Amino acid sequence: MTRKRKARKVGSEGPAQYADKSLSREDVASLARKRKNRRKGLKAGSRHSGGKEEQARLAQQQRDPRLGSKKPIQLVVEAKPHPKSAAAKKARKLSAAQELEMLENDAQLNVLLDRIENGESLGAGLQSYVDEKLDRIEVLMKQLGIFDDEEPEEDKPVKSKRRGDDDLLAEFENIKFDQE
C-alpha cells in the first residue's frame with residue numbers, strides 16, 4: 001500500500017479568519033474567575049513567604065498565659081508543720097498582746113459599745129457577743145498585768161445575768177467540798 005502524504009492546502013474557502021472581539025469588563029472578570037477556579041493546589045513559590053504573620057498571630061492566641069511569668073520563685077522551701085499537728089496550732093495561736101490589740105481594734109465591738117453608751121438596748125445575741133468580748137479583754141489584760149480593779153462599778157457596761165458554760169464550769173471547779 002502506498003503511502004500518501006497529507007499536504008497543507010488552503011481550502012476552498014481560503015485561510016481561516018479570526019475576528020478579534022473586544023471584551024467587556026464583565027467578560028474579563030468572568031474569565032479571571034474561571035481561571036482562578038480552574039487552578040488546583042497551592043500558590044507557586046517558597047513555602048516561607050506568605051503566612052508568617054498569620055501563623056505568629058495564631059500562636060500568640062494559643063500561648064499559655066502562665067508561661068514566662070515574672071513572679072519570683074522561692075529557691076529554698078521552708079518546712080511547715082502539718083496543719084493538724086501541735087506545732088502548727090502553737091504557730092497559729094496569737095500572743096496575748098496581739099489578741100488584745102485585735103479586740104481593741106474590733107470595729108463591730110466598738111460600734112456596739114457606742115450604742116450601749118448612748119442608752120440603746122441590744123438584743124440577746126449582740127449583748128452576749130459584747131459580754132464575751134469584754135470578758136476576753138479583761139482576761140487578757142489580767143494576763144498582761146495592765147488590768148485596773150479600781151474602776152467604779154457604774155462605769156462598767158451593763159452585763160446580762162446569763163453566764164456562759166465556761167464560767168459555770170470554772171466556778172464548779174473552784175468549789176472546795178471538804179471544808180472542815
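Model, not experiment: these values are computed from the prediction. Note that these values count all heavy atoms, side chains included, but never hydrogens, waters or copies made by symmetry.
Salt bridge Glu138/Lys142: present, at least one basic N to carboxylate O contact under 4.0 Å.
Annotation: the span from Asn37 atom CG to Arg35 atom CZ amounts to 11.5 Å, rounded to 0.5 Å. Note: Leu126 CG to Glu120 CD = 10.5 Å, rounded to the nearest 0.5 Å. The CG atom of Leu140 sits 11.5 Å away from the CD atom of Gln98 when rounded to the nearest 0.5 Å.
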### Task
Please assess Gln127 against Ile116 for the test side chain to side chain contact (heavy atoms under 4.5 Å, CB included), listing each intermediate value before the final yes or no.
CA-CA 9 Å; Gln127 187 64 42; Ile116 290 173; 4.1 Å; yes

### Task
Could you walk me through whether Asn110 and Asn105 pass side chain to side chain contact (heavy atoms under 4.5 Å, CB included), step by step?
CA-CA 8 Å; Asn110 290 335; Asn105 294 333; 5.8 Å; no

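Two residues are said to be in side-chain contact when any heavy atoms from C-beta on lie closer than 4.5 Å; Met141 and Leu144 fail this criterion. The shortest side-chain heavy-atom distance between Leu113 and Leu134 falls under the 4.5 Å cut-off. Residues Lys133 and Leu112 are not in side-chain contact: their nearest non-hydrogen atoms beyond the backbone lie 4.5 Å or more apart.
Annotation for Asp165: atom CG does not count as buried by contact number, only 12 or fewer foreign heavy atoms lying within 6.0 Å. Residue Asp166 places its CG atom among 12 or fewer non-hydrogen atoms of other residues, nucleotides or ligands, all under 6.0 Å distant.
Smallest separation of non-hydrogen atoms from Leu103 and Leu109: O-CD2, 3.8 Å.
Listed by chain and number, the hydrophobic cluster partners of Leu31 are Leu23, Val28, where partners are ILVMFWY side chains within reach of under 4.5 Å, directly or through others.
Put simply, Ile137 and Ile146 are part of the same group of oily side chains (I, L, V, M, F, W, Y) that touch within less than 4.5 Å, one to the next.
For the residue pair Asp27 and Ser30, no side-chain donor N or O sits within less than 3.5 Å of a side-chain acceptor on the partner.
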